[in-house]
Structures are given as structure tokens and as C-alpha cells.
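Remember, it's 1-based here, ligands and their atoms both numbered in the order they're listed. One is the number of the first residue; the rest follow in order along the sequence. These numbers come from the heavy atoms of this one structure, side chains and all, not from hydrogens, waters or symmetry mates.
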Amino acid sequence: MIITSSGELFSWSSSQRKFGVRVGLVPTMGGLHEGHISLVRAAGRDCGAVVVSIFVNPKQFGQNEDFNLYPRTLDADKNLVESAGLRDKVRLFVPSVEEMYPLGFDSVVHVGGVTGMLEGAFRPTHFDGVSTVVLKLFNISGADVAYFGLKDYQQVCAIRKMVADLNIPIDIVACPIIRGADGVALSSRNSYLSAAQRIQATVLSQSLLIAENLIVSEGCRDVGKIIGAVRDKILTAVDAKIDYIAIADTKNLKELKTLDNCPEAVILLAVKIETTRLIDNKIINIP
Ligand code: PAF
């Protein structure tokens, strides 16, 4: 079930496609949770063959970020993928760093437009690392379709833009955010939170609900007022430090000044709870 070599994965996928089988790719960095498994299930529904990649990609972590700390839980990941019930139509692709970036590797994929703001402003090399590894995974897996979670909203925009700009022959499917019973968006980084910090982390999703209520039920169109209400809620958590709160166009991620005459918008947050940096977002259909 586990493949570590790019050549072997490409051969498997090519043999599937030769027989007309649609190949789906679920790119992950491991530390799998129900959010990832919802992507695996979606791929299993649409495709006759599914590749789940697990690779903690060093190129998308900044120097002072959590590359070394990032959860590496291959046995548990394997069990979770098995629990999706795809049996022998799934392969786990678990390459080494040397397999993905052999000595002399020297290329970068840079996606413009949607990557400079929000996460890109706080993590300047992040999206180059993401687009470089994702394009490699597209090519190695030969997938017809790839699945991404909307929790990383800006990542989905960047991947869609890369696919459009570079005419990459792959369909992109974006799947809904999966939340815990307390509303916290599932993330591999939630494992860094203590029980007390997890309670504090609920302010992210609660602040998004406050914004939605202001816009949809109270008819508020004043972006400053909505962001103020979101900020007030987040700052009720004693250890919360806000990187950004933004209300943006759902397609190009440009920040909106007003919601007048705007059919939909996305609210995006990045907040540190002590040292754990969490992101969340909500698409709002504006009545
Ligand atoms: O979303 C992630 O886990 C990563 O950014 C991805 C898409 C697997 C690329 O390393």
C-alpha cells in the first residue's frame, strides 16, 4: 500500500489510466485527521484509483516555523486511510526529502496574484514551497483530479491559479472545512494545543459566526464594524494574538472595503494561541 519511489507511483498510476481508470490525488503532510479523510472519501467516490501523498514539505516552512515539530504519525495515518474503506484502490505515497528534492534540485514555482497578501504577507516563502511541491505531486501521480480542503482557503486559490495559468491538465476539487464538536476547524497543528488552549481556540470559529450573523441577520455591510466585532471576540481569549482578520473577494482575495452590492465574501483569520498559529475562514453568501 505504501510507495516511496516517484517512478513506481508514476508506473502504477499510468497503468490505471491506461485502463480508463480515473486517478485522484489527495496531497497531505500527514498528521491525518477526519478533514483529510473527508478528502480521501471524496476521491474514493469519484475515482477508481486514489493516491494519498504524505510528505512534510520543508520548502513551505519558514526558518522559525514548526518543520521539526510537525506531527509525523505514519502508522496512525495508514490506519485512518484504511478506515476510509477504499481497500486496494488506494496507494500511500510517502517519499523522502531526497526523493522529492535530490541533490541539485533548483527550481521554484511562483504563483502570482493571490499569494502576496494574508498568509503570504506573514509567510513570504510559503506559497512558493506549496506550489513547487504540489506541481511535482501532480506530475508524479499523473492524477486526473486533486482534492484540497477549504480550511487553507488561500492555498486553494493559489493552486487553482497555478492550474489555470500553466494549463495543467488536472481538475481541482475543494472540500468543506470539517470542524470538531467545539467548532474548531480540524488541523494537524491542533495537536500542539493544551486542553486549556483548545478552549481558547474556539474563539476563531465563534468570531466567524458573529460576523456571519452581523452580515446575514442584521444586514451590516460595514467592513470595519464587522472586523471590529470579530477582533473583540478573538481577544476574549487571553493568549490570542491576531496576525490578520480580512474580508475579501472569494475569487481574487482582494480585501473588500464595503459589502454593498457584493453577493459573497470570505472572512479569513490567522491567530496565534500562545505559540500555535491557527487559520480559519468562512464564505458568506450575502443576501
Ligand atoms: O495543505 C497541505 O497539507 C500542504 O500545503 C500540501 C498541499 C500537502 C502541500 O505540501
Side-chain angles (χ1 to χ4, degrees), residues 3-4 6 9 24-40 42-43 50-62 65-74 76-77 80-81 90-101 105 107-111 114-115 118-120 122-141 143 145-163 166 168 170-178 185-192 268 270 276-281:
I3 295 179
T4 55
S6 309
L9 182 67
L25 169 69
V26 180
T28 84
M29 297 205 299
L32 299 188
H33 49 65
E34 273 307 313
H36 295 113
I37 300 309
S38 73
L39 306 180
V40 176
V50 174
V51 176
V52 180
S53 66
I54 297 183
F55 178 62
V56 186
N57 173 32
K59 290 194 185 293
Q60 69 186 78
F61 290 80
E65 293 183 1
D66 55 340
F67 175 70
N68 289 325
L69 213 66
Y70 202 85
R72 285 154 172 93
T73 53
L74 186 57
D77 292 350
L80 259 187
V81 171
V90 67
R91 292 291 179 277
L92 279 185
F93 178 52
V94 191
S96 64
V97 173
E98 295 72 31
E99 177 73 11
M100 291 302 276
Y101 303 122
F105 181 92
S107 298
V108 175
V109 180
H110 176 77
V111 178
V114 294
T115 59
L118 305 168
E119 286 301 287
F122 285 85
R123 309 180 68 193
T125 57
H126 174 67
F127 285 116
D128 283 359
V130 170
S131 35
T132 302
V133 82
V134 168
L135 182 56
K136 281 178 69 80
L137 291 167
F138 286 175
N139 288 334
I140 295 167
S141 68
V145 49
Y147 297 80
F148 294 88
L150 278 167
K151 206 226 6 139
D152 295 295
Y153 190 89
Q154 191 175 7
Q155 171 169 280
V156 172
C157 295
I159 302 293
R160 284 196 193 284
K161 180 141 178 60
M162 174 176 81
V163 165
L166 303 181
I168 303 171
I170 193 164
D171 295 330
I172 301 300
V173 175
C175 298
I177 298 176
I178 306 293
L186 297 195
S187 160
S188 310
R189 291 191 168 95
N190 291 347
S191 64
Y192 303 154
L268 305 114
T276 303
R277 189 171 183 281
L278 301 174
I279 59 174
D280 201 347
N281 69 81

List every atom of ligand 1 that sits less than 4.0 Å from any heavy atom of Pro27, numbering the atoms from 1 in the order shown and giving each element.
->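 Checking each atom against Pro27, I get 8 (C).
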
Taking only heavy atoms of Val133 into account, list the atoms of ligand 1 that are under 4.0 Å away from them.
->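 In order of number, 9 (C), 10 (O).
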
Measure the distance from atom 3 (O) of ligand 1 to every protein heavy atom, then report the residue, atom name and distance (to 0.1 Å) of the closest one.
->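 Going by distance alone, atom 3 (O) of ligand 1 is nearest to Met29 CG, 3.7 Å.
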
To the nearest 0.1 Å, how far is atom 2 (C) of ligand 1 from its closest protein heavy atom, and which atom is that?
->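 Atom 2 (C) of ligand 1 sits closest to the protein heavy atom Gln155 NE2, 3.8 Å.
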
Among Leu9, Val145, Val51, find the one that has a side-chain contact (heavy atoms from CB on, under 4.5 Å) with Leu25.
->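 Checked Leu9, Val145, Val51 against Leu25; only one passes side-chain contact (heavy atoms from CB on, under 4.5 Å): Val51.
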
Is the backbone N or O of Pro95 less than 3.5 Å from a side-chain atom of Thr4, with the two atoms forming a donor-acceptor pair by type?
->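 Judged by distance alone, no pair lies under 3.5 Å.
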
Does any N/O atom on Gln60 come nearer than 3.5 Å to any N/O atom on ligand 1?
->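 Looking only at distances, the answer is yes, because the N/O contact criterion of under 3.5 Å is met.
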
Indicate yes or no: does Glu119 engage Arg277 in a salt bridge with an N to O separation below 4.0 Å.
->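 Looking at Glu119 and Arg277, the cut-off is met.
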
Locate the shortest heavy-atom distance separating Leu32 from Thr28; write the atom from each residue and the value.
->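 Result for this residue pair: CD2-OG1, 3.5 Å.
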
Check each heavy atom of Thr28 against ligand 1 and say whether those closer than 4.0 Å belong to the side chain, the backbone, both or neither.
->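 It is the backbone that touches ligand 1; the side chain stays farther off.
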
Between Phe61 and Tyr70, how do the two ring planes meet: parallel, tilted or perpendicular, split at 30° and 60°?
->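 Plane angle over 60°, so perpendicular.
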
